[in-house]
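For reference, the structure discussed in these notes is given below.
Note that the coordinates shown come from a computational prediction; the quantities given were computed from them, not determined experimentally. Note on naming: letters A, B, ... go to the chains in the order of the sequence lines (proteins, then strands), and numbering restarts at 1 for each one.
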Amino acid sequence: MEALRERLIGRALLVVACSVILALAIITYFIFQAGLPIIVRLGLDDFLFNTRWQPAEEGGSFGIGAMVLGSLWVTLGALVVGVPLGLAVAVFSAELAPEWLSTLIRPAIQLLAGIPSVIYGFVGLMVLVPWVRTHLGGPGLSVLTAAIVLGIMILPNIISISEDSLRAVPAAYREGALALGATRWQTIWGVLIPAARSGIGASVILGMGRALGETMAVIMMIGNSLQVPRSLLDPATTVTSNIGLEMAYASGEHREALFATGVVLFAFIMVLNLAANAFSRRRLQA
Amino acid sequence: MTTAPISAPAMERANGNTKLEVCDFSAFYGNEEVLRGINLPVPRNEILAVFGPAGGGKTTLLRSMNRLVDNTRGAHHRGRILLDGKDVFAPDVDVVNLRRRVGMIFALPVPLPMNVYDNIAYGPRMSGGRDRKSLDEAVERSLQRAAMWEEMKDRLEESALHLSGGQQQRLSIARVLAMEPEVILLDEPTAALAPVSTMKIEQMLTDLKRQCTIVIVPHSIQQAARLADHAAFILMGELVEYRPGNELFTAPSDRRTEEYITGRFG
């Protein structure tokens with residue numbers, strides 16, 4: 001009786017666990033099924049590198065080049081903002097802050113991760129956009145503002161994983177460096193960060209994935225203009241924001257093209273996640 | 001030289017032959033007193049073996065000598081540790097400079113996650129060494145002194161993490177030597193090593209004392225007996241006996257020392 005119950009529970013958990021894999025498989029299947037045909041029809045390079053996106057015209061033109069570039073710029077910008085800042089906070093919290101302060105910092109960062117992206121967009125719209133418009137010029141809605149907001153949004157990813165991997169560096173490294181007469185800063189920069197670099201690398205890649213996939217905040221910040229941005233102050237659009245804005249009314253080939261855009265995004269994110277995994281598995285190999 | 005127990009006045013007679021001098025030193029973690037009123041001179045160019053049962057405060061004593069205890073939460077002390085007559089805990093002492101003068105080796109080898117060359121050049125670089133030629137020289141000289149130049153000269157670009165345990169430990173010693181320290185502290189440096197590596201390291205230490213003063217917590221009484229010019233027996237935070245090694249291990253004057261070295265406890 002007891003044994004039967006054990007077996008039933010085991011089976012039930014197995015089914016639940018498999019359903020996760022099933023969900024992934026279903027998502028993959030339907031996205032590719034809906035999006036792949038048009039990519040094949042247009043040719044992958046025309047689809048990816050053509051910057052003319054005119055779905056409304058007769059016969060339509062579906063090139064997502066401008067959006068891909070927009071996504072790349074915004075993601076890179078987010079990393080430029082988020083990585084140094086996040087790493088600095090992680091180092092401070094793991095190595096320098098007194099215990100009571102890091103017990104305050106950690107939940108604050110968790111909270112930051114829990115704020116809905118629409119709120120980030122809202123604050124960006126109220127504060128950042130007018131500031132950029134008056135001080136730097138342009139319409140305010142731009143690659144720059146989107147990148148800054150995204151940079152802040154990826155902070156929790158970067159901080160929490162980097163901090164964990166800094167804390168996981170064996171105490172012997174820290175003491176070894178200090179005993180050699182390293183200053184605290186030399187210890188952090190020369191030993192701890194290199195020793196934790198696999199985790200830090202993984203955190204950066206995951207942050208990158210988040211920035212690339214973020215939709216709502218970007219829609220609110222970037223101005224959604226279908227052009228190749230020529231400067232950081234130009235409005236642009238991204239792969240995700242374009243899907244988010246147009247899906248509701250798209251039909252026929254247009255709809256197919258949006259799914260195809262999803263395929264591209266999906267492929268990017270998959271590659272990034274695999275890279276992050278590869279990074280964090282490569283622990284302590286100099 | 002001196003007979004046990006050591007009294008504080010005896011310390012004051014210490015002459016130029018004393019490199020490091022522990023004076024009435026007590027150490028605490030929070031309220032717990034781990035060292036009680038230790039008086040201990042470390043003669044220049046000698047090996048001092050500090051031995052005794054685990055948990056007796058030997059490591060704390062070593063970590064106080066280079067002030068690594070500064071990084072332990074709740075650690076504080078009373079008394080002084082003099083390096084060339086100057087208290088290492090004095091407020092005007094630059095702790096970074098102190099640790100360059102007083103190097104330390106740990107029980108577990110600490111290969112930094114970089115290649116062999118960079119491991120050894122780490123110290124000189126930190127004190128501002130940039131010139132490639134003088135770094136090359138420092139690396140070669142240190143590896144020579146650690147008796148591993150021959151086996152390492154073609155592997156300088158290899159990751160230190162790929163070396164064997166014994167090699168990693170000798171590398172750690174070479175790295176400390178590259179700082180040209182005046183004192184080397186070793187906390188059970190051969191505890192994790194095979195006998196052959198242990199032998200090499202002991203040989204190296206015997207050679208090194210011509211240039212440095214060495215304080216070692218040996219990993220066995222036999223090792224203490226092999227190496228010690230002077231030996232100090234520490235039991236539960238107290239210095240029981242301090243005498244020249246050949247006297248202490250052949251004719252201990254304290255019953256507890258005798259019981260410990262003959263294996264009746266510990």
Side-chain angles (χ1 to χ4, degrees), chain A residues 87 90-106 161-162 164-204 278-286, chain B residues 59 62-63 65-74 94-116 118-128 157-163 168 171-173 175-181 184-187 192:
Chain A
L87 200 53
V91 164
F92 177 74
S93 176
E95 291 299 323
L96 303 172
E99 200 58 39
W100 63 268
L101 191 54
S102 35
T103 55
L104 275 183
I105 292 176
R106 299 186 129 221
I161 301 175
S162 297
D164 286 346
S165 57
L166 279 171
R167 284 185 190 270
V169 173
Y173 284 4
R174 197 170 290 115
E175 298 223 308
L178 288 173
L180 279 170
T183 61
R184 228 153 161 203
W185 174 243
Q186 287 168 331
T187 306
I188 290 169
W189 188 251
V191 175
L192 300 183
I193 290 182
R197 68 185 159 195
S198 59
I200 293 170
S203 81
V204 170
F279 246 108
S280 46
R281 222 172 293 139
R282 234 188 44 189
R283 283 207 181 282
L284 289 182
Q285 286 176 17
Chain B
T59 297
L62 258 60
R63 290 164 55 89
M65 289 173 172
N66 70 349
R67 283 185 56 185
L68 214 51
V69 281
D70 288 8
N71 293 66
T72 307
R73 241 176 261 280
D94 174 8
V95 66
V96 166
N97 185 45
L98 170 73
R99 289 177 188 152
R100 289 175 185 169
R101 295 175 64 194
V102 183
M104 184 162 189
I105 312 289
F106 304 89
L108 285 177
V110 188
L112 299 174
M114 44 187 94
N115 69 31
V116 171
D118 290 337
N119 257 277
I120 297 174
Y122 185 76
R125 276 187 180 137
M126 273 186 318
S127 20
E157 300 298 321
E158 228 175 276
S159 165
L161 303 173
H162 297 159
L163 302 179
Q168 288 184 349
L171 178 76
S172 307
I173 297 177
R175 190 175 51 206
V176 167
L177 292 178
M179 311 285 302
E180 306 283 346
I184 304 179
L185 312 171
L186 302 104
D187 190 358

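Contacts between Met179(B) and chain A at a heavy-atom distance below 4.5 Å involve the side chain alone, from C-beta outward. When heavy atoms are compared at a cutoff of 4.5 Å, Arg101(B) does not approach chain A at all.
Every residue two or more places apart in sequence or in another chain was checked for a side-chain hydrogen bond (donor to acceptor under 3.5 Å, both in side chains) with Gln168(B), and none qualifies. With sequence neighbours left out, Arg125(B) forms a side-chain hydrogen bond (donor to acceptor under 3.5 Å, both in side chains) with Asp118(B). For Asp70(B), the side-chain hydrogen bond (donor to acceptor under 3.5 Å, both in side chains) test picks out Arg67(B), with sequence neighbours left out.
Ser93(A) places no side-chain N or O within 3.5 Å of a backbone atom of Ala90(A) that could act as its donor or acceptor partner.
With salt bridges taken as basic N to acidic carboxylate O contacts below 4.0 Å, one links Asp164(A) and Arg106(A).
Residues Val102(B) and Asn66(B) share a closest heavy-atom pair of O-CB, 3.8 Å.
Side-chain contact check for Arg174(A) versus Glu95(A): some heavy-atom pair is nearer than 4.5 Å.
Residues of residues 185-192 of chain A that come closer than 4.5 Å to chain B, counting heavy atoms only, are Gln186(A), Thr187(A), Gly190(A), Val191(A), ordered by residue number.
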